[in-house]
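Data first, discussion second: the structure below is written as C-alpha coordinates.
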Amino acid sequence: MADSFILPMDTTDDALELIGGKGRSLAKMSNAGFNVPSGFHLTADAYRAFVAENDLQDQIVSLAKPALDNGWVTFEPASAAIQKLITSREISEAIASQLRQAYASLAGDPAVAVRSSANAEDLPGLSFAGQQETYLNVKGGDALLKAVRNCWASLWTAQAISYRHENDIEQGSVAMAVVVQIMVPADVAGILFTANPATGERTEMIVNASFGLGEAVVGGQVTPDTFVVDRESKNVKETMIGPKEQMIVSDGEQGTKLTDVKVDDRDQSSLSDALLNDLVELALNVEKNYDGLPQDIEWAIV
(Lines give C-alpha, C1' and ligand atoms only; values in the text may rest on other atoms or scores of the structure.)
Protein backbone atom coordinates (compact mmCIF):
# COMPACT_ATOMS: atom_id res chain seq x y z
CA MET A 1 0.00 0.00 0.00
CA ALA A 2 1.42 3.36 -1.01
CA ASP A 3 2.09 5.73 1.86
CA SER A 4 1.02 3.03 4.30
CA PHE A 5 0.91 3.79 7.99
CA ILE A 6 0.52 0.06 8.76
CA LEU A 7 3.29 -2.52 9.17
CA PRO A 8 2.94 -6.23 10.06
CA MET A 9 3.85 -7.37 13.55
CA ASP A 10 6.97 -9.13 12.22
CA THR A 11 8.16 -6.18 10.17
CA THR A 12 11.88 -5.91 9.51
CA ASP A 13 11.45 -2.16 9.03
CA ASP A 14 12.03 -1.68 12.74
CA ALA A 15 13.52 1.81 13.06
CA LEU A 16 12.88 3.40 16.46
CA GLU A 17 11.54 6.53 14.74
CA LEU A 18 8.99 4.40 12.88
CA ILE A 19 7.56 1.89 15.35
CA GLY A 20 8.92 3.03 18.71
CA GLY A 21 10.63 1.08 21.46
CA LYS A 22 7.87 -1.39 22.33
CA GLY A 23 7.09 -2.02 18.66
CA ARG A 24 10.72 -2.63 17.83
CA SER A 25 11.05 -5.22 20.61
CA LEU A 26 7.87 -7.02 19.52
CA ALA A 27 9.01 -7.07 15.88
CA LYS A 28 12.38 -8.47 16.91
CA MET A 29 10.71 -11.14 19.04
CA SER A 30 8.28 -12.05 16.25
CA ASN A 31 11.07 -12.46 13.73
CA ALA A 32 12.99 -14.64 16.17
CA GLY A 33 10.03 -17.05 16.34
CA PHE A 34 8.73 -16.25 19.81
CA ASN A 35 5.00 -16.56 20.50
CA VAL A 36 4.04 -12.89 20.16
CA PRO A 37 0.28 -12.26 19.81
CA SER A 38 -0.52 -11.33 16.20
CA GLY A 39 -1.49 -7.85 15.09
CA PHE A 40 0.13 -4.85 13.44
CA HIS A 41 1.97 -1.57 13.98
CA LEU A 42 0.50 1.86 13.29
CA THR A 43 3.67 3.80 12.60
CA ALA A 44 4.72 7.04 14.24
CA ASP A 45 4.29 8.67 10.82
CA ALA A 46 0.53 8.44 11.41
CA TYR A 47 0.93 10.51 14.59
CA ARG A 48 3.12 13.00 12.73
CA ALA A 49 0.55 13.24 9.93
CA PHE A 50 -2.28 13.76 12.44
CA VAL A 51 -0.34 16.54 14.19
CA ALA A 52 0.56 18.20 10.86
CA GLU A 53 -2.96 17.96 9.44
CA ASN A 54 -4.36 19.66 12.54
CA ASP A 55 -1.50 22.19 12.79
CA LEU A 56 -0.76 21.14 16.37
CA GLN A 57 3.04 20.92 16.61
CA ASP A 58 3.79 24.54 17.49
CA GLN A 59 0.87 24.65 19.92
CA ILE A 60 2.02 21.45 21.63
CA VAL A 61 5.64 22.56 22.01
CA SER A 62 4.61 25.97 23.36
CA LEU A 63 2.33 24.34 25.92
CA ALA A 64 4.83 21.68 27.06
CA LYS A 65 6.38 23.83 29.77
CA PRO A 66 6.33 23.70 33.57
CA ALA A 67 4.03 25.79 35.73
CA LEU A 68 4.19 26.69 39.41
CA ASP A 69 1.52 25.55 41.86
CA ASN A 70 2.06 26.82 45.41
CA GLY A 71 5.78 26.93 44.72
CA TRP A 72 5.90 23.43 43.23
CA VAL A 73 6.76 22.73 39.62
CA THR A 74 3.95 20.91 37.81
CA PHE A 75 3.28 19.73 34.28
CA GLU A 76 -0.39 18.91 34.92
CA PRO A 77 -1.79 22.05 33.20
CA ALA A 78 0.44 21.45 30.16
CA SER A 79 -0.64 17.82 29.99
CA ALA A 80 -4.35 18.60 30.24
CA ALA A 81 -4.16 21.29 27.55
CA ILE A 82 -2.17 19.17 25.08
CA GLN A 83 -4.27 16.05 25.58
CA LYS A 84 -7.43 18.11 25.00
CA LEU A 85 -5.94 19.40 21.73
CA ILE A 86 -5.34 15.85 20.53
CA THR A 87 -8.53 14.15 21.69
CA SER A 88 -10.76 16.91 20.30
CA ARG A 89 -9.52 16.33 16.73
CA GLU A 90 -10.76 13.66 14.34
CA ILE A 91 -8.40 11.16 12.75
CA SER A 92 -8.24 11.73 8.99
CA GLU A 93 -9.91 9.26 6.64
CA ALA A 94 -6.51 8.40 5.14
CA ILE A 95 -5.31 7.06 8.51
CA ALA A 96 -8.70 5.78 9.72
CA SER A 97 -9.33 3.68 6.61
CA GLN A 98 -5.95 1.99 6.89
CA LEU A 99 -6.57 1.25 10.57
CA ARG A 100 -9.99 -0.23 9.84
CA GLN A 101 -8.59 -2.38 7.02
CA ALA A 102 -5.74 -3.66 9.18
CA TYR A 103 -8.17 -4.47 12.00
CA ALA A 104 -10.55 -6.23 9.60
CA SER A 105 -7.66 -8.39 8.39
CA LEU A 106 -7.41 -9.89 11.89
CA ALA A 107 -10.81 -11.52 11.19
CA GLY A 108 -13.74 -12.01 13.51
CA ASP A 109 -13.88 -8.52 15.07
CA PRO A 110 -11.42 -9.61 17.78
CA ALA A 111 -10.69 -7.93 21.07
CA VAL A 112 -7.30 -6.23 20.83
CA ALA A 113 -4.76 -4.51 23.05
CA VAL A 114 -3.85 -1.03 21.82
CA ARG A 115 -0.38 -0.18 23.11
CA SER A 116 1.66 3.01 23.07
CA SER A 117 5.15 2.78 21.56
CA ALA A 118 7.04 6.07 21.68
CA ASN A 119 10.19 6.86 19.72
CA ALA A 120 12.00 8.05 22.87
CA GLU A 121 11.07 4.90 24.77
CA ASP A 122 14.15 2.78 24.16
CA LEU A 123 17.02 5.23 24.55
CA PRO A 124 20.10 4.18 26.56
CA GLY A 125 19.84 5.00 30.25
CA LEU A 126 16.21 6.08 30.08
CA SER A 127 13.00 4.35 31.12
CA PHE A 128 9.53 5.51 30.13
CA ALA A 129 7.82 2.54 31.79
CA GLY A 130 4.30 3.34 32.93
CA GLN A 131 4.27 6.86 31.52
CA GLN A 132 2.12 6.17 28.47
CA GLU A 133 -1.10 4.26 28.06
CA THR A 134 -2.30 0.86 26.93
CA TYR A 135 -5.97 0.09 26.27
CA LEU A 136 -7.17 -3.49 26.68
CA ASN A 137 -10.16 -5.42 25.30
CA VAL A 138 -10.86 -2.93 22.51
CA LYS A 139 -13.42 -4.23 19.99
CA GLY A 140 -14.60 -2.69 16.72
CA GLY A 141 -13.25 -0.05 14.36
CA ASP A 142 -14.72 2.97 16.15
CA ALA A 143 -13.35 1.87 19.53
CA LEU A 144 -9.96 1.21 17.92
CA LEU A 145 -9.78 4.74 16.49
CA LYS A 146 -10.63 6.22 19.88
CA ALA A 147 -8.01 4.07 21.64
CA VAL A 148 -5.34 5.07 19.09
CA ARG A 149 -6.06 8.75 19.59
CA ASN A 150 -5.92 8.26 23.36
CA CYS A 151 -2.54 6.53 22.98
CA TRP A 152 -1.28 9.53 21.01
CA ALA A 153 -2.56 11.85 23.74
CA SER A 154 -0.74 9.78 26.39
CA LEU A 155 2.55 10.85 24.83
CA TRP A 156 1.76 14.01 26.79
CA THR A 157 1.03 12.75 30.29
CA ALA A 158 2.43 14.99 33.01
CA GLN A 159 4.92 12.24 33.93
CA ALA A 160 6.17 11.90 30.35
CA ILE A 161 6.54 15.65 29.78
CA SER A 162 8.35 16.03 33.11
CA TYR A 163 10.67 13.08 32.43
CA ARG A 164 11.65 14.47 29.03
CA HIS A 165 12.17 17.92 30.57
CA GLU A 166 14.45 16.50 33.29
CA ASN A 167 16.46 14.45 30.77
CA ASP A 168 16.86 17.22 28.16
CA ILE A 169 14.81 15.44 25.49
CA GLU A 170 13.32 18.00 23.13
CA GLN A 171 9.55 17.96 23.47
CA GLY A 172 9.12 18.62 19.76
CA SER A 173 11.20 15.56 18.80
CA VAL A 174 8.88 12.89 20.19
CA ALA A 175 6.27 10.87 18.31
CA MET A 176 4.04 7.91 19.07
CA ALA A 177 3.61 4.65 17.20
CA VAL A 178 0.86 2.26 18.31
CA VAL A 179 0.95 -1.53 18.53
CA VAL A 180 -2.35 -3.35 18.01
CA GLN A 181 -2.34 -6.98 19.19
CA ILE A 182 -5.02 -9.63 19.59
CA MET A 183 -5.86 -9.91 23.29
CA VAL A 184 -4.69 -12.98 25.17
CA PRO A 185 -7.50 -14.00 27.58
CA ALA A 186 -4.94 -14.78 30.25
CA ASP A 187 -5.59 -17.22 33.08
CA VAL A 188 -2.26 -16.20 34.61
CA ALA A 189 0.10 -13.39 33.65
CA GLY A 190 2.97 -11.33 34.96
CA ILE A 191 6.55 -10.21 34.52
CA LEU A 192 9.82 -12.13 34.47
CA PHE A 193 13.14 -10.41 35.18
CA THR A 194 16.24 -12.24 33.98
CA ALA A 195 18.28 -10.41 36.63
CA ASN A 196 17.10 -9.50 40.12
CA PRO A 197 15.74 -5.94 39.69
CA ALA A 198 16.14 -5.11 43.37
CA THR A 199 19.80 -6.14 43.70
CA GLY A 200 21.08 -6.45 40.12
CA GLU A 201 22.14 -10.01 40.94
CA ARG A 202 22.63 -11.86 37.64
CA THR A 203 22.48 -15.33 39.20
CA GLU A 204 18.83 -14.83 40.15
CA MET A 205 15.73 -14.56 38.01
CA ILE A 206 12.51 -13.12 39.44
CA VAL A 207 9.03 -14.16 38.33
CA ASN A 208 5.96 -12.16 39.39
CA ALA A 209 2.65 -13.88 38.64
CA SER A 210 -1.04 -13.43 39.37
CA PHE A 211 -4.41 -14.56 38.05
CA GLY A 212 -6.05 -12.75 35.13
CA LEU A 213 -4.51 -10.09 32.92
CA GLY A 214 -0.96 -8.89 33.55
CA GLU A 215 -2.09 -5.29 33.95
CA ALA A 216 -2.81 -5.98 37.62
CA VAL A 217 0.84 -6.95 38.18
CA VAL A 218 2.36 -4.24 35.97
CA GLY A 219 0.17 -1.56 37.53
CA GLY A 220 0.77 -2.69 41.11
CA GLN A 221 -2.92 -3.36 41.81
CA VAL A 222 -2.23 -6.76 43.35
CA THR A 223 0.51 -8.31 45.43
CA PRO A 224 1.53 -11.15 43.10
CA ASP A 225 3.23 -14.45 43.74
CA THR A 226 7.01 -14.02 43.56
CA PHE A 227 9.45 -16.77 42.66
CA VAL A 228 13.22 -16.38 42.99
CA VAL A 229 14.92 -18.78 40.58
CA ASP A 230 18.57 -19.80 40.52
CA ARG A 231 19.73 -19.08 37.00
CA GLU A 232 22.27 -21.88 36.79
CA SER A 233 20.26 -24.79 38.21
CA LYS A 234 16.84 -23.32 37.25
CA ASN A 235 15.61 -24.36 40.69
CA VAL A 236 13.28 -22.15 42.73
CA LYS A 237 15.23 -20.69 45.65
CA GLU A 238 12.33 -18.89 47.29
CA THR A 239 8.56 -18.75 46.84
CA MET A 240 6.40 -15.96 48.24
CA ILE A 241 2.67 -16.49 47.68
CA GLY A 242 0.95 -13.11 47.41
CA PRO A 243 -2.63 -12.54 48.62
CA LYS A 244 -3.93 -12.05 45.05
CA GLU A 245 -7.31 -10.85 46.33
CA GLN A 246 -8.31 -9.35 42.98
CA MET A 247 -7.59 -9.76 39.29
CA ILE A 248 -8.18 -7.77 36.11
CA VAL A 249 -10.33 -9.43 33.45
CA SER A 250 -12.03 -8.33 30.23
CA ASP A 251 -15.29 -6.50 30.88
CA GLY A 252 -17.77 -7.76 28.29
CA GLU A 253 -17.54 -5.96 24.95
CA GLN A 254 -15.08 -3.21 25.91
CA GLY A 255 -12.40 -2.53 28.49
CA THR A 256 -11.47 -4.33 31.68
CA LYS A 257 -12.64 -4.60 35.26
CA LEU A 258 -11.19 -5.49 38.64
CA THR A 259 -12.90 -8.54 40.14
CA ASP A 260 -12.42 -10.66 43.25
CA VAL A 261 -10.40 -13.86 43.12
CA LYS A 262 -12.18 -16.83 44.71
CA VAL A 263 -11.21 -17.03 48.37
CA ASP A 264 -9.96 -20.62 48.05
CA ASP A 265 -7.62 -19.64 45.19
CA ARG A 266 -5.95 -16.67 46.86
CA ASP A 267 -3.39 -18.64 48.86
CA GLN A 268 -2.71 -21.06 45.99
CA SER A 269 0.28 -20.67 43.69
CA SER A 270 -0.71 -19.12 40.38
CA LEU A 271 1.98 -21.18 38.59
CA SER A 272 2.66 -24.91 38.57
CA ASP A 273 6.26 -26.12 38.66
CA ALA A 274 6.00 -27.13 34.99
CA LEU A 275 4.74 -23.70 33.86
CA LEU A 276 7.37 -21.95 35.96
CA ASN A 277 10.06 -24.05 34.30
CA ASP A 278 8.65 -23.24 30.86
CA LEU A 279 8.82 -19.52 31.68
CA VAL A 280 12.43 -19.75 32.87
CA GLU A 281 13.46 -21.57 29.68
CA LEU A 282 11.61 -19.00 27.59
CA ALA A 283 13.29 -16.12 29.42
CA LEU A 284 16.76 -17.54 28.87
CA ASN A 285 16.03 -17.83 25.14
CA VAL A 286 14.69 -14.26 25.02
CA GLU A 287 17.77 -12.94 26.79
CA LYS A 288 20.00 -14.85 24.37
CA ASN A 289 18.15 -13.13 21.52
CA TYR A 290 19.18 -9.80 23.10
CA ASP A 291 22.88 -10.68 23.26
CA GLY A 292 22.71 -11.76 26.89
CA LEU A 293 21.49 -8.41 28.23
CA PRO A 294 19.08 -8.57 31.21
CA GLN A 295 15.43 -8.38 30.17
CA ASP A 296 12.06 -7.79 31.79
CA ILE A 297 9.45 -9.79 29.95
CA GLU A 298 5.66 -9.45 30.01
CA TRP A 299 4.08 -12.89 29.60
CA ALA A 300 0.63 -14.44 29.66
CA ILE A 301 -0.65 -18.02 29.81
CA VAL A 302 -4.03 -19.23 28.61
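It should be emphasised that the depicted structure is a prediction, and the values quoted were computed from it without experimental measurement.
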Exercise. Given the rule in the side chain to side chain contact (heavy atoms under 4.5 Å, CB included) test, do Glu245 and Val222 qualify, once you have shown the distances and angles that lead to the verdict?
Worked result: CA-CA 7 Å; Glu245 294 176 351; Val222 299; over 6 Å; no
In terms of hydrophobic clustering (I, L, V, M, F, W, Y; side-chain heavy atoms under 4.5 Å; direct or indirect links), are [X] and [Y] co-clustered?
| X | Y | value |
| --- | --- | --- |
| Leu18 | Val180 | no |
| Phe5 | Ile91 | yes |
| Ile297 | Val228 | no |
| Leu42 | Leu56 | yes |
| Ile182 | Val138 | yes |

Okay, side chain of [X], backbone of [Y]: is any donor-acceptor separation there less than 3.5 Å?
| X | Y | result |
| --- | --- | --- |
| Asn167 | Ile169 | no |
| Asn119 | Ala175 | yes |
| Gln171 | Ile161 | yes |
| Ser62 | Asp58 | yes |
| Gln221 | Val217 | no |
| Asp230 | Ser233 | yes |

With distance as the sole criterion, is a donor-acceptor pair present between the side chains of [X] and [Y] under 3.5 Å?
| X | Y | value |
| --- | --- | --- |
| Gln101 | Ser105 | no |
| Glu287 | Thr194 | yes |
| Glu76 | Thr74 | no |
| Ser270 | Asp225 | yes |

Assess whether atom [atom1] of [X] is packed by more than 12 heavy atoms of other residues, nucleotides or ligands within 6.0 Å.
| X | atom1 | result |
| --- | --- | --- |
| Asp251 | CG | yes |
| Asp267 | CG | yes |
| Lys288 | NZ | no |
| Lys84 | NZ | no |

For this session: For a side chain to side chain contact (heavy atoms under 4.5 Å, CB included) with Val178, tell me which candidate from Thr134, Leu144, Val114 qualifies.
Result: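 The single option meeting the side chain to side chain contact (heavy atoms under 4.5 Å, CB included) with Val178 is Val114.
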Problem set entry | Derivation of the side chain to side chain contact (heavy atoms under 4.5 Å, CB included) call for Lys65 and His165 | CA-CA 8 Å; Lys65 292 179 172 61; His165 179 80; over 6 Å; no
Exercise. What do the steps show when you test Asp14 against Ile19 for side chain to side chain contact (heavy atoms under 4.5 Å, CB included), and what is the final call?
Worked result: CA-CA 6 Å; Asp14 62 353; Ile19 60 174; 3.9 Å; yes
Taking C-beta and beyond as the side chain, do [X] and [Y] meet within less than 4.5 Å on heavy atoms?
| X | Y | result |
| --- | --- | --- |
| Ile206 | Val229 | no |
| Leu85 | Leu63 | yes |
| Leu7 | Thr43 | yes |
| Asn54 | Phe50 | yes |
| Leu99 | Leu145 | yes |
| Thr87 | Asn150 | yes |
| Met176 | Ser116 | yes |
| His41 | Ile6 | no |

Could you state the interatomic distance from [atom1] ([X]) to [atom2] ([Y]), rounded to the nearest 0.5 Å?
| X | Y | atom1 | atom2 | result |
| --- | --- | --- | --- | --- |
| Ser117 | Arg24 | OG | CZ | 9.5 Å |
| Gln295 | Asn289 | CD | CG | 8.5 Å |
| Gln83 | Glu133 | CD | CD | 8.0 Å |
| Phe211 | Leu271 | CZ | CG | 8.5 Å |
| Leu106 | Ser38 | CG | OG | 6.0 Å |
| Ile82 | Ser154 | CD1 | OG | 12.5 Å |

For [X] versus [Y], what's the shortest heavy-atom pair and its separation?
| X | Y | value |
| --- | --- | --- |
| Val174 | Tyr47 | O-CE2, 4.0 Å |
| Ala186 | Val302 | CA-CB, 4.5 Å |
| Val184 | Ala300 | CG1-CB, 4.0 Å |
| Ile241 | Arg266 | CG2-O, 4.2 Å |
| Gln98 | Ala94 | CG-O, 3.4 Å |
| Tyr290 | Ser25 | OH-O, 3.3 Å |

For this session: Take Asn208 and Thr226 through the test side-chain hydrogen bond (donor to acceptor under 3.5 Å, both in side chains) and record every step on the way to the result.
Result: CA-CA 5 Å; Asn208 295 139; Thr226 298; 3.0 Å; yes
For this session: Please test Leu192 against Met205 for side chain to side chain contact (heavy atoms under 4.5 Å, CB included), starting from the C-alpha separation and ending with a verdict.
Result: CA-CA 7 Å; Leu192 194 157; Met205 303 172 75; 3.7 Å; yes
Please determine whether a side-chain nitrogen of the Lys or Arg among [X] and [Y] lies less than 4.0 Å from a carboxylate oxygen of the Asp or Glu.
| X | Y | result |
| --- | --- | --- |
| Glu204 | Arg231 | no |
| Arg115 | Glu298 | yes |
| Arg48 | Glu17 | yes |
| Asp260 | Lys244 | no |

Exercise. Residues two or more places apart in sequence or in another chain: which of them pass side chain to side chain donor-acceptor pair (under 3.5 Å) with Glu170?
Worked result: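 Checked Glu170 against side chain to side chain donor-acceptor pair (under 3.5 Å); zero matches.
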For this session: Answer yes or no for Arg89 and Trp152: cation-pi contact, defined as NZ/CZ to six-membered ring centre under 6.0 Å and angle to ring axis within 45°.
Result: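 So Arg89 doesn't make the cation-pi contact.
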Problem set entry | salt bridge (Lys or Arg N to Asp or Glu O under 4.0 Å) contacts touching residues 186-195 (sequence neighbours left out) |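 Residue pairs passing salt bridge (Lys or Arg N to Asp or Glu O under 4.0 Å), neighbours aside: none found.
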Side-chain donor-acceptor pairs under 3.5 Å in residues 26-34, sequence neighbours left out?
unit_1 : atom_1 : unit_2 : atom_2 : d
Ser30  : OG     : Leu26  : O      : 2.9
Asn31  : ND2    : Asp10  : O      : 3.0
Asn31  : ND2    : Thr11  : O      : 3.1
Asn31  : ND2    : Ala27  : O      : 3.0

